[in-house]
Amino acid sequence: MFFLLRRLPDGDVELTRYERGASGRLEAAGVDVIPAADLPGRVAALEREASPRWVWDDTPRWYPRLLDAGVTVARCVDLRLVHAILRRSTAAPGFPVGGAAPGPWDVPQAVPGESDGLFEVVPDSLPDPAAEFLAQRDAVEASPTRGRLELLVAAESTGALIAAEMRHRGIPWSPRVHDELLTAALGPRPTPGERPARMRDALDEVRQALEAPDLNPDSPAELIRALNRAGVLVQSTRQWELQRHEHPAIEPLLRYKKMQRLLVANGWAWLDAWVHGGRFRPDYVPGGVVTGRWATSGGGALQLPRAVRGAVVADPGWKLVVADASQLEPRILTGLSGDRSMARAGSGDLYEGIVASGAVATRAEAKVAMLGAMYGATQGESGRLVPRLARRFPDAMALVESAARTGEAGGVVDTLLGRSSPRPSDDPAASGGAGAGALPPEMGVRPADRDARSWGRFTRNFVVQGTAAEWALCWMGALRRRLHERWGAGVPAPHFVFFLHDEVVVHAPAAAADEVAALVAESAVEAGRLLFGDAPVTFPVTVAVVDDYSQAK
DNA sequence: CACTGATGCGCG
DNA sequence: AAAGCGCGCATCAGTG
């Protein structure tokens, strides 16, 4: 049963129940207006009694306050996220009605309610959620691939719940361990404006070796000039280019750059800004990437370097259950293409299986070739190996080739569940002619062709990356349901604390950790079945029960 | 001074 | 060894 929530101008909340009428269409079947303060209690009561699906404009506008009041919900429809999917989807051709121009429903997510002293700053709600909801339902029910589209909008919405719940709980983070890691890597925390001791040492060596006592190592232009003066003929200061040169300045310079990166991205300032009360609370942005992957804003949560993962420490008496899906994208490609040979290769370690097939000689080659196939590599070792893969796995290769050709011709490609790629004209970078801007111009290739090929690589990857994102949403959704069935939503229950494309971290009471690990694996099987039915493709996960994140893998 | 684009590097 | 997808963020360098 659907319950739609809408905020009224006076601050009260309107709650509308929807049921199927005689025609089979959803109809409003009861309206209630309640004071905002009563909402958490009402939601909790209905959760117990009515198995509701909450319909609201935008999860960050509603759910954080329910969570603050100790209320969790099992299911929702996030109208804004679903709108974004349907607007582009070839599986929902009639949406929005009349092909309306982008409007308020097409804006990015609301900022989560920021507390401003006594008052919470809540952005306006989006207009007429009831009409939007019914239009969306019509579009989904009319879809020629309704089942898949239903799964996608449900999974996307559940993702929004998980994102809000993870932000609410936060990642358990030890400032003490973080400080120890930084001190070991960089030296003790310096006074503001100073460089840590080990960075100063490395910089002294660089300046000496380059005979540049005043060198600012953080200015690429200045660094290139100094290196050139010393006979190191580089055109950039990228690691891999520097590594190719033999000079006493190179080793300390690379060491310095490594430390500088850690300091500015995840140093003490980051710790002060982002970790409070032993928790790191990034702002997750479900659907923030065109392919359907999540993005984050603030704190760089999806780029946590391995060097600081030791600071993610389970609470006393708790464990972290860290799980990642092995070789997810190649397996997604296997399922999408129905490639029997690749399915056989994936019965164990997929890359070893590719070696066993005779396509390539080593596991490393198998990996490079596979990535090259999915990304559209044409040059270098990767580009060389792709044809060898194509001979052994023609069906898989045909699928990505077809997606690439569609994109080159300006067409739209779709994920398995029905997320469609943008058109090249929608892409701000493409209209500016940037395209493959950073690459050197390919001799004799017209810019238009270059842009077309670049877009083909995007659509080639879109189907795989996007379907992998759908698998991951289904995996998380299945696991969340299992956790709630087994433990409810009470405070000492296992809960998600982190998600990273193909990896989840669950914070669990130590006594429950092994059981959680089993549910993680079960959920992966369920996700595979939801997307690919009985097709011969498997999704093994590696699970580790650890005290801190660095102990996994 | 504020803004924008390029650079470089962290993650999958 | 280094070219091939998707991101976010800090910093520098150039422009308005």
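In this text, all values refer to a predicted model and were calculated from it rather than measured experimentally. Letters go in sequence order (proteins before strands), and every chain restarts at 1.
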S.K.: Quick one: does A:Gln465's side chain get under 4.5 Å of A:Val289's, heavy atoms only?
M.R.: yes
S.K.: Between C:dG6, C:dA2, B:dG12, spot the one nearest the side chain of A:Phe458, thanks.
M.R.: C:dG6
S.K.: Which part of the nucleic acid, if any, lies within contact of A:Leu371, taking any heavy atom under 4.0 Å across all strands shown: a base, the sugar-phosphate backbone alone, or nothing?
M.R.: nothing
S.K.: Consider the side chain of A:Arg457, meaning its heavy atoms from C-beta on, and name the nucleotide among C:dG4, B:dG10, C:dG6 that approaches it most closely.
M.R.: C:dG4
S.K.: Tell me, what's DNA chain C's dot-bracket, Watson-Crick or G-U with both distances under 3.5 Å, | for other-strand, [ ] crossing?
M.R.: ....||||||||||||
S.K.: Could you check how far CG of A:Leu328 sits from C1' of C:dG6, rounded to whole Å?
M.R.: 14 Å
S.K.: Can you check the A:Leu254 CG to B:dG10 C1' distance for me, whole Å?
M.R.: 16 Å
S.K.: Taking the minimum atom-to-atom distance to the side chain of A:Arg306, which one of C:dA2, B:dG8, B:dC11 wins?
M.R.: B:dC11
S.K.: Using whole Å, report how far CZ of A:Arg453 lies from P of C:dC5.
M.R.: 13 Å
S.K.: Can you list the residues that meet the salt bridge (charged side-chain N to carboxylate O under 4.0 Å, His left out) rule with A:Arg388, with sequence neighbours excluded?
M.R.: none
S.K.: Could you check whether A:Gln239 gets within reach of a base, just the sugar-phosphate, or nothing at all, counting any heavy atom under 4.0 Å?
M.R.: sugar-phosphate
S.K.: Quick check on DNA chain C: between A:Gln243 and A:Arg293, whose nearest nucleotide comes earlier from the 5' end?
M.R.: A:Gln243
S.K.: How would you label the contact of A:Val290 with the nucleic acid (heavy atoms, under 4.0 Å): base, sugar-phosphate, or nothing?
M.R.: sugar-phosphate
S.K.: Salt bridge (charged side-chain N to carboxylate O under 4.0 Å, His left out) with A:Asp106: which residues, sequence neighbours excluded?
M.R.: A:Arg87
S.K.: May I ask you to check whether A:Asp414 and A:Thr90 show a side-chain donor-acceptor distance below 3.5 Å?
M.R.: yes
S.K.: Judged by each residue's nearest nucleotide on DNA chain C, which is more toward the 5′ side, A:Gln465 or A:Trp240?
M.R.: A:Trp240
S.K.: Side chain of A:Tyr375 only, please: which of B:dG12, B:dG8, B:dC11 is the nearest?
M.R.: B:dG12
S.K.: Please output the side-chain donor-acceptor pairs of residues 298-309 of chain A that fall under 3.5 Å, not counting sequence neighbours, one pair per line with the distance.
M.R.:
residue	atom	partner	partner atom	Å
A:Arg309	NE	A:Leu304	O	3.0
A:Arg309	NH2	A:Leu304	O	3.0

S.K.: Between atom NE2 in A:His501 and atom C1' in B:dG10, what is the gap in whole Å?
M.R.: 11 Å
S.K.: Heavy atom of residues 380-387 of chain A under 4.0 Å from DNA chain C: which residues?
M.R.: A:Glu381, A:Ser382
S.K.: Give a yes-or-no answer on whether the side chains of A:Arg195 and A:Tyr256 include a donor-acceptor pair shorter than 3.5 Å.
M.R.: yes
S.K.: What is the nucleic acid contact for A:Arg244, judged by heavy atoms within less than 4.0 Å: base, sugar-phosphate only, or nothing?
M.R.: sugar-phosphate
S.K.: Roughly how far apart, to the nearest Å, are C:dG4 and B:dG12 at atom C1'?
M.R.: 15 Å
S.K.: Using atom names, set out every protein N or O paired with an N or O of nucleotides 8-15 of chain C below 3.5 Å, distance rounded to 0.1 Å.
M.R.:
residue	atom	partner	partner atom	Å
C:dG8	O4'	A:Gln303	OE1	3.0
C:dG8	N2	A:Arg261	NH2	3.2
C:dG8	N2	A:Gln303	NE2	3.3
C:dG8	N3	A:Gln303	NE2	2.7
C:dC9	OP1	A:Gly298	N	2.3
C:dA13	OP1	A:Ser219	OG	2.4

S.K.: If you look only at pairs with a residue in residues 496-507 of chain A, which of them pass as a side-chain hydrogen bond (donor to acceptor under 3.5 Å, both in side chains), with sequence neighbours excluded?
M.R.: A:His495-A:His507, A:Glu503-A:Tyr549
S.K.: Mind jotting down which residue pairs meet the salt bridge (charged side-chain N to carboxylate O under 4.0 Å, His left out) criterion with at least one end in residues 395-409 of chain A? Sequence neighbours excluded, please.
M.R.: A:Glu401-A:Arg405, A:Glu401-A:Arg460
S.K.: Which residues satisfy the salt bridge (charged side-chain N to carboxylate O under 4.0 Å, His left out) test with A:Glu156, sequence neighbours excluded?
M.R.: A:Arg419
S.K.: By the salt bridge (charged side-chain N to carboxylate O under 4.0 Å, His left out) test, which pairs, at least two apart or in different chains, include something from residues 461-476 of chain A?
M.R.: none
S.K.: What pairs meet the ring pair (Phe, Tyr, Trp, His ring centres under 6.0 Å) rule with one or both residues in residues 162-202 of chain A, with sequence neighbours excluded?
M.R.: A:Trp173-A:His178, A:Trp173-A:Trp270, A:Trp173-A:Phe280, A:His178-A:Trp270
S.K.: Is there a side-chain polar atom (N or O) of A:Lys258 under 4.0 Å from OP1 or OP2 of B:dG10?
M.R.: yes
S.K.: Taking only side-chain nitrogens and oxygens of A:Lys257, does any of them come within less than 4.0 Å of OP1 or OP2 of B:dG8?
M.R.: no
S.K.: Who are the salt bridge (charged side-chain N to carboxylate O under 4.0 Å, His left out) partners of A:Asp179, not counting sequence neighbours?
M.R.: none
